[in-house]
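To keep things clear, I will list the structure first and then write my remarks on it.
All heavy atoms count here, side chains included; hydrogens, waters and symmetry mates do not. For reference, positions follow the sequence shown, starting with 1.
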Amino acid sequence: LDRLKRVIEEHRARVRERPLSLIKYSPEVIVSILNDGGERICLKQFCYPHFWGRMKEHFRRSKGLKSWMAANGMRARGIPSLKPLAWVERKNWSGLKESFLFMEALADDQEMDRYILKGFEDLNKKRLFIKTFARWLDGLHKRSLFHRDMKTCNILVSERGETWDFHLLDFEDLLMGEKVNRKKLFRNFLQLNTSTPKVMTKVDRFRFFREYLRLNPIVKDQRIFLWRLISESRRRGLVYVSPQGVVTETLG
């Protein structure tokens, strides 16, 4: 408990004094990477700035608790995942004030959009990356795991020699025991397609689409599905995060 308090205080000091060093800073969510005793810790703080937001948590699981359960659920299913370390909540007479999720932070991981922007050594490695990611996503869906915000900025990539590990972020958006049907698959494909930098060409994106459906052929009318995906992607446009900040582009 003393260690948790110490890390929370360091996190609060960073919010006050060095907000630009934070991974994310919004009224509802604040994320920092801290070093405690030689161990890197990712601390995600869920805030409730409005009274009605706190009241709602009386009638449902808090985001912190959802994240804690989902992170442990991933590991229980044998899926590579960031290790959950602790979950802490602070309440008062009006309800939940804030909650904290402590997770391990791996030193060499990068969000997928930033990893992709670095480029690949050759075409073969790029194709292998696409197939490996398609197999990972297929594995999630076949285990009835559905992430409601499957953007590339919510996926960490760890390069492991000739292969890769992928780790989900935003565990509060992960639904367990949720069968992935055509509608849910379309949502995930759309989120991925509109958050993937143009380093991934149209051919690359089609290769990913084809590899996933080879493994999990739940879409029968593939041409109609793909046409809808392309049309909706163009309407939404492309948004991803680069080392220089948020990038917005059109999709041709």
Side-chain angles (χ1 to χ4, degrees), residues 23-24 26 28-29 31 42-46 60-85 87 99 101-106 109-116 129-158 164-197 200 205 208-209 211-213 215-219 225 228-229 232-233 236 238-241 246:
I23 304 300
K24 184 174 183 178
S26 73
E28 290 80 25
V29 178
V31 181
C42 176
L43 179 56
K44 188 168 189 177
Q45 178 185 4
F46 298 94
R60 63 186 183 188
R61 290 174 180 160
S62 68
K63 291 181 179 179
L65 178 54
K66 286 179 183 177
S67 299
W68 173 252
M69 294 177 66
N72 281 285
M74 289 278 285
R75 295 179 70 82
R77 288 164 173 79
I79 301 172
S81 173
L82 299 176
K83 183 180 179 181
L85 303 175
W87 159 61
S99 58
L101 180 68
F102 297 75
M103 303 283 293
E104 70 170 334
L106 303 179
D109 279 17
Q110 273 190 303
E111 290 83 354
M112 185 182 282
D113 43 10
R114 276 147 278 193
Y115 180 85
I116 289 173
F129 177 86
I130 292 168
K131 285 188 175 182
T132 304
F133 179 61
R135 289 196 294 268
W136 174 80
L137 184 62
D138 168 64
L140 284 187
H141 288 169
K142 284 182 177 174
R143 289 177 172 88
S144 297
L145 295 168
F146 174 68
H147 199 283
R148 294 180 297 184
D149 196 18
M150 185 71 75
K151 297 172 186 167
T152 53
C153 62
N154 285 332
I155 304 168
L156 285 179
V157 180
S158 302
W164 298 264
D165 286 336
F166 301 95
H167 307 287
L168 282 175
L169 298 175
D170 286 2
F171 284 106
E172 66 273 17
D173 287 320
L174 180 64
L175 302 180
M176 297 180 289
E178 192 82 8
K179 185 176 180 181
V180 178
N181 55 22
R182 186 180 183 280
K183 182 178 179 180
K184 289 185 174 67
L185 181 65
F186 182 86
R187 176 173 173 170
N188 274 178
F189 272 22
L190 180 62
Q191 290 165 337
L192 288 169
N193 199 41
T194 55
S195 62
T196 299
M200 289 294 180
R205 294 164 195 257
F208 168 74
F209 175 82
E211 177 66 15
Y212 178 94
L213 292 184
L215 298 167
N216 190 11
I218 65 174
V219 176
F225 185 93
R228 283 190 59 231
L229 180 63
E232 185 62 18
S233 297
R236 289 195 178 193
L238 179 61
V239 180
Y240 60 88
V241 182
V246 178

## Note on the structure
Rounding to 0.5 Å, atoms CD (Gln191) and OG1 (Thr194) come to a distance of 7.0 Å
### Query
Is any side-chain heavy atom of Thr152 closer than 4.5 Å to a side-chain heavy atom of Tyr115?
no
### Task
Could you please spell out the steps behind the side-chain contact (heavy atoms from CB on, under 4.5 Å) verdict for Met176 and Leu145?
CA-CA 5 Å; Met176 297 180 289; Leu145 295 168; 3.5 Å; yes
### Query
What are the two closest non-hydrogen atoms of Ala105 and Cys42, and how far apart are they?
CB-N, 3.9 Å
### Task
Check the pair Thr196 / Asp113 against side-chain contact (heavy atoms from CB on, under 4.5 Å), numbers first and verdict last.
CA-CA 6 Å; Thr196 299; Asp113 43 10; over 6 Å; no
### Task
If a pair satisfies salt bridge (Lys or Arg N to Asp or Glu O under 4.0 Å) and one of its residues is in residues 136-145, list it, with sequence neighbours excluded.
Asp138-Lys142
### Query
Does some side-chain heavy atom of Leu185 sit less than 4.5 Å from a side-chain heavy atom of Leu213?
yes
### Message
For Val241 and Glu111: C-alpha separation, side-chain torsions, deciding distance, then whether side-chain contact (heavy atoms from CB on, under 4.5 Å) applies.
### Response
CA-CA 9 Å; Val241 182; Glu111 290 83 354; over 6 Å; no
### Message
Just to verify, what does Asn193 make a side-chain hydrogen bond (donor to acceptor under 3.5 Å, both in side chains) with, not counting sequence neighbours?
### Response
Arg205, Ser233
### Task
Kindly write out the residues that satisfy ring-ring contact (aromatic ring centres under 6.0 Å, His included) with Tyr212, not counting sequence neighbours, or none if the list is empty.
His141, Phe189
### Query
Does Asp109 reach the side chain of Val157, with side-chain heavy atoms less than 4.5 Å apart?
no
#### Entry: Side chain to side chain, His147 and Leu140, heavy atoms closer than 4.5 Å
no
### Phe166: partners by ring-ring contact (aromatic ring centres under 6.0 Å, His included), with sequence neighbours left out
Phe129, Phe133, Trp136
### Message
Just to verify, which of Phe102, Phe171, Trp87 counts as forming a side-chain contact (heavy atoms from CB on, under 4.5 Å) with Trp68?
### Response
Trp87
### Qualifying residue for side-chain hydrogen bond (donor to acceptor under 3.5 Å, both in side chains) with Glu172, from Lys44, Lys63, Lys66
Lys44
### Query
Tyr240: what forms a side-chain hydrogen bond (donor to acceptor under 3.5 Å, both in side chains) with it, not counting sequence neighbours?
none
### Message
So Leu156 and Met112, do their side chains get closer than 4.5 Å, heavy atoms only?
### Response
no
### Query
More than 12 heavy atoms of other residues, nucleotides or ligands under 6.0 Å from NZ of Lys184: is that the case?
yes
## Note on the structure
One should read off an interatomic distance between Ile130 CD1 and Ile116 CD1, to the nearest 0.5 angstrom, of 8.5 Å
### Query
Could you give the distance from CG (Asp149) to OG (Ser195), rounded to the nearest 0.5 Å?
8.5 Å
### Message
Checking Leu106 against Asp165 for the side-chain contact (heavy atoms from CB on, under 4.5 Å) test, could you report, in this order, the C-alpha distance in whole Å, the side-chain angles of both residues, the deciding distance, and whether it holds?
### Response
CA-CA 12 Å; Leu106 303 179; Asp165 286 336; over 6 Å; no
Below 3.5 Å, can you tabulate the donor-acceptor pairs from side chains in residues 73-85 to any protein atom, sequence neighbours excluded?
residue	atom	partner	partner atom	Å
Arg75	NH1	Ser81	O	3.0
Arg77	NH1	Gly73	O	3.0

### Query
Can you tell me if NZ on Lys151 sees more than 12 non-hydrogen neighbours from other groups inside 6.0 Å?
no
### Task
Cation-pi check, Arg228 to Phe186: give yes when NZ or CZ is under 6.0 Å from the six-membered ring centre and within 45° of the ring axis, no otherwise.
yes
## Note on the structure
Separation between CZ (Arg135) and CG (Asn216), nearest 0.5 Å, reads 14.5 Å
### Query
Can you find a pair of side-chain heavy atoms, one from Leu215 and one from Leu137, that are under 4.5 Å apart?
no
### Message
Are Leu43 and Leu101 packed together at the side-chain level, in the sense that at least one heavy-atom pair is separated by less than 4.5 angstrom?
### Response
no
### Query
Would you say Cys153 and Arg114 make side-chain contact, with heavy atoms under 4.5 Å?
yes
### Message
Hydrogens and angles aside, do Glu178 and Ser144 bring a side-chain donor and acceptor to less than 3.5 Å of each other?
### Response
no
